[in-house]
Amino acid sequence: MSTPDPTDVHPAWLPDEAWRAIGVRRILVRGEGTLVDTVQAEVERATHRYGGAVWRNPTDVDLPSADLVLALTGAPPPDSPPAPEPGPPETSGTLASTAVATAKAQLDTATAQVGESLGAEGFVVARHAGVTVVLADAPAGLLYGLFELVRLGAAGFGPTHPVRVHRPAMARRMLDHWDNVDVHPVMGQVERGYAGGSIFWRDGRPRGDVARVTAYARLLAACGINAVSVNNVNVHATEAQLLTERLDDVAELADLLRPYAIRVHLAVTFAAPVVLGGLPTADPLDPAVRDWWAETTARVYARIPDFGGYLVKADSEGQPGPFSYGRDHADGANLLAEALAPYGGVVHWRAFVYNHRQDWRDRSTDRARAAYDHFAPLDGRFRDNVIVQVKHGPMDFQTREPVSPVIAAMPGTRLAVEFQVTQEYTGQQRHVCYLAPWWSEILRFAPWGDDGRTVADVAADGGGLVAVSNVGDDRFWTGHPLAQANLYAFGRLCWNPRLGPQAVLDEWIDLTFAPDTRVDPDLLRRTLHEIMDDSWRTYERYTAPLGVGFMVRPGHHYGPDVDGYEYTPWGTYHFADRDGVGVDRTRATGTGFTGQYPPPFAERYESVETCPDELLLFFHHVPYGHLLHSGSTVIQHIYDTHFEGVREVEAMCRRWEWLARLVDPAVHARVTERLAEQLRCAREWRDQVNAYFHRKSGIPDAHSRMLH
């Protein structure tokens, strides 16, 4: 199998320059294990390039001067003579030993105060007497501590400071790949993939690109991802075989991801006992079915001892599930959980279950209700190693929709919250759309009121955060170089949901573009913020207004088609008529969806007076002349925001032109190409949406602009 030249792949947020501050140091690495070996290899690569030096588990008391120590807390300190009498200065070996001892003492004090250890992935960074120290209780923490130093750059070697403790908020920080092993006749090699083919699979076989997968593992570890599902949740015939006769293909990927603390998960078909095992049924209560799953899972763990578990999409959009046997989702999920439990594995059971053969004439049917209706009654029935994976909104990763009520409805169940990094409905990586501001809003949302637990709290206490991956075999990983920021930001928000989106973007800019090496780093940083900070809202302005959603071309979901889904069975309607627009989801007169929320949001969304403007059309059907809280009417808001959105994309294009001398020419050319397409598409959205609503309403634009 061919292996492309790795130098032709964009380094994303790990360019060589990002390692300079570490690479010039003299470094001690202390500890054992595969992940400590990875730390060793990474710092050796950096020091080889920049002139530093590395020692592993040194015993020589006459070590040359060391200014960085990366050590496990259980590893013995660097050997050094007894503390010197007053007089001569400390030896270099003593300085390193003293710095470690000081950091350990500070760590002991800090953990005693909060009553927590660092855990399997936590670490501390401290600076004492000119020595920077990274300490971790376990090897994964040491790896994450190293990448924290990469983020800090020269700032990691500045003034003395006591230990700074870092622990991940989410124990599981996962990416779901929708990669097909065989090329699907409609969806291709990667379903909803906008960056080329799969980095794992090609034409029915493993791709075999060791360098690319290893580079991917480094990028994921550097932003905090620790789990990856390697195939599509829509499991087709070839993908199903990864569980059995093609398990070696999965094991090979696990071997490449393991050195970067990433566990492999596998999407499986619920019908596997039938399609793979030859059984007449996949009934979850059938003893033969339970035995088949137990035996198959034992073989998986014999081959991949650190296997993470299964991902299942069942009874949704044509995928088989327990409904075929008169069982429910708890029965189905618990079947797989029972097989995984002896090995510490988990089953991620997606809550994306709805009727996709809806009668558009029936106003009482509401796709938004489906996940709650299916899963909330099952709360408390799932095994401890079942993680119900809930999309962040009740529909399907729209540019704007409310937080899913399921997140507040299942206190007795472990929940993971699912995002979509691949931009299916947010420009498909042809448009700049930095999603971290949207994700941050969701994570900070408190379903029980401002003083209650947040979405981030629910995820942290349950199954963590999961997102659909946006990478492919494109040279720039994500097709659009600026879309790399979404993948980086997802990992960082998994680690710390309290990080501000602009601060995360600063990290990504400084790592990816190394601004301090450019002619005008402030201009670079400022311009990228001007382009990206508000880009999600810009996208919202020129697409579907006020939370109504969709209005995209069916099938590929790119570009405008206001009535594209209006009379289909998919349940994605806006109900625009001559008098108004929006979906009545109230308890009083609509589908009752608002009643799925706890107070105060059930009441806030129920009332047209208190419903937020940005979600108005999701919850209410209102006249075009309805006055928003902003002071504008609905129809004028539609006109104004669509013109404004296009103007903002035009400004993005101009700003990007200013950076021609400050970024790599290949990056500049690709982004220029994508911005041109974004501008074309934004104008098309503006013209189609404004013309549609002008024709429906008959109301002219207050500013007499062309509405076609």
Side-chain angles (χ1 to χ4, degrees), residues 1-2 175-209 212-213 216 228-247 249-250 252-253 264-272 274-276 310-321 348 350 352-354 356-357 389 391 396-397 418 420-430 466-474 477-479 483 550 552-559 561 564-565 568-570 572:
M1 299 179 189
S2 62
L175 287 176
D176 288 354
H177 276 250
W178 286 2
D179 297 17
N180 299 312
V181 178
D182 275 329
V183 177
H184 188 273
V186 176
M187 295 299 180
Q189 193 77 69
V190 182
E191 183 165 339
R192 305 304 180 196
Y194 309 109
S198 171
I199 64 172
F200 299 144
W201 318 104
R202 181 166 56 195
D203 298 329
R205 305 300 307 170
R207 188 181 179 98
D209 190 343
R212 188 66 181 259
V213 175
Y216 183 51
V228 169
S229 179
V230 296
N231 64 305
N232 195 347
V233 293
N234 297 312
V235 181
H236 309 294
T238 302
E239 290 77 26
Q241 297 171 11
L242 296 175
L243 180 62
T244 52
E245 57 259 47
R246 298 193 61 172
L247 183 60
D249 296 344
V250 182
E252 289 171 6
L253 291 175
V264 160
H265 294 239
L266 188 65
V268 298
T269 174
F270 187 78
V274 176
V275 301
L276 299 174
Y310 300 137
L311 170 65
V312 181
K313 177 180 178 180
D315 288 314
S316 184
E317 299 183 332
Q319 291 296 307
H348 283 248
R350 294 182 89 225
F352 185 55
V353 177
Y354 69 99
H356 70 294
R357 294 183 174 87
Q389 187 166 309
K391 288 190 177 185
D396 192 11
F397 302 127
E418 179 179 334
Q420 192 182 50
V421 184
T422 195
Q423 296 170 230
E424 180 178 358
Y425 296 101
T426 52
Q428 299 190 356
Q429 288 149 229
R430 286 178 266 188
V466 182
V468 184
S469 170
N470 67 341
V471 305
D473 65 1
D474 183 88
W477 294 99
T478 57
F550 293 93
V552 293
R553 183 74 62 180
H556 57 66
H557 295 166
Y558 184 75
D561 188 344
Y565 276 114
T568 70
W570 293 95
T572 53

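Just so it is clear, the values below take in all heavy atoms, side chains as well, and ignore hydrogens, waters and symmetry mates.
With no hydrogens or angles considered, a side-chain donor-acceptor pair links D176 and Q389 at under 3.5 Å. There is a side-chain donor-acceptor pair under 3.5 Å between N234 and E191.
Between Q189 and V183, the shortest heavy-atom contact is OE1-CG2, 3.2 Å. Considering every non-hydrogen atom in both A483 and Q429, the closest pair reads CB-CG, 3.7 Å. For the pair G321 and A314, the tightest heavy-atom approach, listed with the atom from each and the gap, is CA-CB, 3.8 Å. Heavy atoms only, all atoms of each residue included: G564 and P554 are closest at O-CG, 3.2 Å. In terms of heavy-atom proximity, A272 sits nearest to L243 at CB-CD2, 4.1 Å. Contact detail for G196 and V190: the closest heavy-atom pair is O-CG2, 3.9 Å.
Separation of atoms CD (Q420) and CZ (R192) is listed at 8.5 Å; rounding is to 0.5 Å. Between the CG atom in L266 and the CG atom in L242 there is a gap of 5.5 Å [rounded to 0.5 Å]. The CG atom of D396 sits 3.5 Å away from the NZ atom of K391 when rounded to the nearest 0.5 Å. Rounding to the nearest 0.5 Å places CG of N231 at 12.0 Å from CD of Q241. Atoms CZ and CD, on R350 and E418 in that order, are 4.0 Å from each other to the nearest 0.5 Å. Note that CG of D474 is 12.0 Å distant from CD1 of I199, once rounded to the nearest 0.5 Å.
Taking 4.5 Å as the limit, some side-chain heavy atom of H356 sits within range of a side-chain heavy atom of W570. Contact check for W477 versus R212: side-chain heavy atoms found under the 4.5 Å cut-off. Side-chain contact check for N232 versus W201: every heavy-atom pair is 4.5 Å or farther apart. Taking 4.5 Å as the limit, some side-chain heavy atom of R246 sits within range of a side-chain heavy atom of T238. For the pair F397/T422, no side-chain contact is recorded, criterion being any heavy-atom separation below 4.5 Å from C-beta on.
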Salt bridge (charged side-chain N to carboxylate O under 4.0 Å, His left out) for D209 and R202? Distances and angles first, verdict last.
CA-CA 10 Å; D209 190 343; R202 181 166 56 195; over 6 Å; no
Walk me through whether E424 and H557 qualify under side-chain hydrogen bond (donor to acceptor under 3.5 Å, both in side chains).
CA-CA 7 Å; E424 180 178 358; H557 295 166; 2.8 Å; yes
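With sequence neighbours excluded, no residue forms a salt bridge (Lys or Arg N to Asp or Glu O under 4.0 Å) with D315. In this structure, R430 has no salt bridge (Lys or Arg N to Asp or Glu O under 4.0 Å) partners at least two apart in sequence or on a different chain. In this view, E239 satisfies the salt bridge (Lys or Arg N to Asp or Glu O under 4.0 Å) rule with no residue, not counting sequence neighbours. Applying the side chain to side chain contact (heavy atoms under 4.5 Å, CB included) criterion to S316, with sequence neighbours excluded, gives K313, F352, V353, Y354. With sequence neighbours excluded, the residues that form a side chain to side chain donor-acceptor pair (under 3.5 Å) with S198 are D179.
Applying the ring pair (Phe, Tyr, Trp, His ring centres under 6.0 Å) test to every pair with at least one member in residues 176-196, sequence neighbours left out, gives these pairs: H177-F200, H177-Y216, H184-H236.
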